[in-house]
Amino acid sequence: MAQTPRKTRVAMEWLKTTAGQGQSLLTQARHLVQLQQDIDAWGERQRLKLVVGLLKEGKLKVFTDHPAMLARTRQQLPSLLAELNERGWSLNAIELKLKSFQEAAAPATRPKQGKFSEIARKEWLNLQDSLHDEQIKAATQRLCDHNGWNKNET
């Protein structure tokens, strides 16, 4: 059997022992997990993937990752609301939102075209030689690297 990571165990113990707020967070998390399981059961029958968001004052926020799925789910909302209420959730409304579940790919980084004139660029590069503060020197070097400027180009 897999052992729970130490950081997770410490966090769970803190939540259990913290008076009031920690216990409240733990209870709310358990409710959301149970609600997610109930929505997953409904979603499997409807072939819809939904993710529980915020549950506040009888209003549930649910997310889906595709506009077509959002439209289909909107048509099925009365059925979902009725089933969740049958399972003991006292919900007044469900709000649907579109949200991407895939991690966004990091944009490709490329050297930016500097807006300095050639003379200004050379002066900026020469400025580094006169700096004494290492943090400022490092910051100017990062700027030069980011813009693709090389001291050898001067």
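Although no hydrogens or angles enter the test, the distance criterion places a donor-acceptor pair under 3.5 Å between the side chain of Gln36 and the main chain of Leu50. A donor-acceptor contact shorter than 3.5 Å links the side chain of Arg72 to the backbone of Gln46. At least one donor-acceptor pair closer than 3.5 Å links the side chain of Asn85 to the backbone N or O of Leu91.
Under the 4.5 Å side-chain criterion, counting only non-hydrogen atoms from C-beta, Ile39 is in contact with Leu60. The shortest distance between side-chain heavy atoms of Lys49 and Thr64 does not fall below 4.5 Å. Proximity of Trp42 to Leu84: side-chain heavy atoms (C-beta onward) are nowhere separated by under 4.5 Å.
Contacts of Asp133 classified as side chain to side chain contact (heavy atoms under 4.5 Å, CB included), with partners at least two apart in sequence or in another chain: Gln135, Ile136.
Summarising the local packing, CZ of Arg45 is surrounded by more than 12 heavy atoms from other residues, nucleotides or ligands at distances under 6.0 Å.
Hydrophobic clustering, with ILVMFWY side chains joined whenever heavy atoms are under 4.5 angstrom apart, groups Leu77 together with Leu35. Cluster membership check: Leu98 shares its hydrophobic cluster with Leu80, using side-chain heavy-atom separations under 4.5 Å among Ile, Leu, Val, Met, Phe, Trp and Tyr.
Closest of all the heavy-atom pairs between Leu131 and Lys137 is O-NZ, 3.8 Å. Minimum interatomic distance between His31 and Trp89 (heavy atoms only, all atoms of both residues): O-CH2, 3.2 Å. The shortest heavy-atom contact between Leu81 and Asn92 is CD2-O, 4.0 Å.
With a 6.0 Å cutoff to the six-membered ring centre and a 45° limit on the axis angle, Lys99 counts as a cation-pi contact of Phe63.
Remark: Leu32 CG to Gln37 CD distance equals 11.5 Å, nearest 0.5 Å. Note that CG of Asp38 is 4.5 Å distant from CZ of Arg87, once rounded to the nearest 0.5 Å.
For residues 51-60, the set of pairs meeting the salt bridge (charged side-chain N to carboxylate O under 4.0 Å, His left out) definition, not counting sequence neighbours, comprises Lys59-Glu95.
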